[in-house]
Amino acid sequence: SMIKILEKNPKPKGLYDLKLSTLEDPIELHQDTLIQFGLFSQNTIESDKLEAILSYDKIARAMQDAIKKLSYRNYTPKRMHEQLSMLNYNKETIEEAVRRLKELNYINEKQSLELIVEDFLQFDLKGKNHLNFMLIDEGFDQETIDNIMHLYTDELELEKCSQLLEQLHKSLKKTSIKQSKLKLTQKLYQKGFTEETILNAINDFEATLSDIDEHEVLEDLINKYQSKYDLSNPKEKQKLMQKLMREGFKHSDIKNHLE
């Protein structure tokens, strides 16, 4: 059976209200849907085609929304899926829209991957592990990631790690060489550098760390803590010694400074 189209009223953003003989309220369709089903020139719709028209319309709108977002930046399929979910499209509509966008090369996974990696290598002071996790989060599979990781060479990772080490060391509170090394190593792990690179960077940095005058730092810390500990009380003195040993100072050095 046929459904009559009683009215076609244009609305903003390429939308149309169609008043149908079988429905009390008009249906809203995108102009792409009207073109696809020849509804601009027809005044009737086959009733068994209505569901297909409505389904196509959702996909057409999802694609329009996606293309608008893609005009500002690149999206991986996973990230576009998230964006369209936030606009309340259902899973089937999103999957079909993303499939078509890939087909039309609006979404190009290879290009997105290369851009993300290029940006990362140019601007981020972070390690290989961080890049790997970041790409997994963007929706790439491990095999694809492994095939591009050669761009992040060991030399480049060491260079970035050493650069970050310099920055972190400048902002580090004055403490023992042992404690400084421990804190810096932890921060480098947090930034996703590989174990081998961290060890190499710390070894290269050893000379800078050995410039720390531990006696001066220890003297300053004892002066700082003196108001908190009663050094005439052996128990209090012992507590302070334990605290300073936890901060990486040698027992003999602390003892010499406290006597």
So CD1 of I116 and CE of M134: to nearest 0.5 Å the spacing works out to 6.0 Å
Write down the atom of E236, the atom of K228, and the distance for their closest heavy-atom approach.
OE1-O, 3.9 Å
E103/R100 salt bridge by N-O under 4.0 Å criterion:
no
Counting N and O atoms only, with roles assigned by atom type, does the side chain of D137 sit under 3.5 Å from a partner on the main chain of F133, one being a donor and the other an acceptor?
no
Contact between T144 and E109 at the side-chain level, heavy atoms closer than 4.5 Å - yes or no?
no
Could you tell me whether the side chain of D17 and the main chain of N9 form a donor-acceptor pair under 3.5 Å?
no
Would you give the length of the straight line joining atom CG of N200 to atom CD of E155, rounded to the nearest 0.5 angstrom?
10.5 Å
Y89: which other cluster members, linking ILVMFWY side chains closer than 4.5 Å, directly or transitively?
I59, M63, I67, L70, Y75, M80, L84, L87, I94, V98, L101, L104, Y106, I107
Single-linkage hydrophobic cluster L182~I202, side-chain heavy atoms < 4.5 angstrom
no
Here the pair of heavy atoms bringing I145 nearest to F140 is CD1-O, 3.7 Å
Just wondering, do E166 and S162 contact through their side chains at under 4.5 Å, heavy atoms?
no
As a quick check of understanding, evaluate side-chain contact (heavy atoms from CB on, under 4.5 Å) for R61 and T33, giving each step before the final call.
CA-CA 9 Å; R61 291 201 209 195; T33 309; over 6 Å; no
List the atom of F193, the atom of N129, and the distance in Å for their closest heavy-atom pair.
O-ND2, 3.7 Å
Sidechain-backbone polar pair: E157 side chain, T194 backbone, donor-acceptor under 3.5 Å
yes
Side-chain heavy atoms of K235 within contact of K239, under 4.5 Å
no
With D32 via side-chain hydrogen bond (donor to acceptor under 3.5 Å, both in side chains) - residues at least two apart:
Q64
Starting at CG of N108, measure out to CG of N74 and round the result to the nearest 0.5 Å.
8.0 Å
CG/L165 to CG/D204 distance, rounded to the nearest 0.5 angstrom?
9.0 Å
Consider only side-chain heavy atoms of I, L, V, M, F, W and Y, link residues closer than 4.5 Å, and tell whether L158 and Y189 are in one cluster.
no
Clusters formed by hydrophobic residues whose side-chain heavy atoms approach within less than 4.5 Å: which one holds Y56, and what are its other members?
I3, I5, Y16, L18, L20, L23, I27, L29, L34, I35, F37, L39, F40, I45, L50, I53, L54
Measure the shortest side-chain to side-chain distance between K13 and H30 over non-hydrogen atoms and say whether it is less than 4.5 angstrom.
no
Set of side-chain hydrogen bond (donor to acceptor under 3.5 Å, both in side chains) partners for N132, sequence neighbours left out:
Q142
Is K58 atom NZ crowded by more than 12 heavy atoms from other residues, nucleotides or ligands, each under 6.0 Å away?
no
Residue pair T185 / K181: nearest heavy atoms and the distance that separates them
OG1-O, 2.7 Å
Backbone N/O of L121 and side chain of K160: donor-acceptor pair under 3.5 Å:
yes
Residues, nucleotides or ligands: over 12 heavy atoms within 6.0 Å of K191 NZ:
no
For a 4.5 angstrom cut-off between non-hydrogen side-chain atoms, does L188 reach L168?
yes
Any chance you could measure L199, atom CG, to N203, atom CG, to the nearest 0.5 Å?
6.5 Å
Checking side chain to side chain donor-acceptor pair (under 3.5 Å) for the pair T76/S112: CA distance, chi angles, key distance, verdict?
CA-CA 6 Å; T76 61; S112 292; over 6 Å; no
Rounded to the nearest 0.5 Å, what separates atom CD in E138 from atom CZ in R79?
4.0 Å
All side-chain hydrogen bond (donor to acceptor under 3.5 Å, both in side chains) counterparts of Q31, not counting sequence neighbours:
none
Check E46 against M2 and note the closest heavy-atom contact, atom names and distance.
CG-SD, 3.6 Å
Just wondering, more than 12 heavy atoms not from E28 lying within 6.0 Å of its CD?
yes
So with a 6.0 Å cut-off around CD of Q186, is the heavy-atom count from everything else above 12?
yes
Quick check on the hydrophobic clustering: are F120 and I136 connected, directly or via other members, by side-chain heavy-atom contacts under 4.5 Å?
yes
With sequence neighbours left out, which residue pairs that include part of residues 114-128 fulfil the side chain to side chain donor-acceptor pair (under 3.5 Å) condition?
K110-E114, K128-D154
Contact between P26 and E7 at the side-chain level, heavy atoms closer than 4.5 Å - yes or no?
no
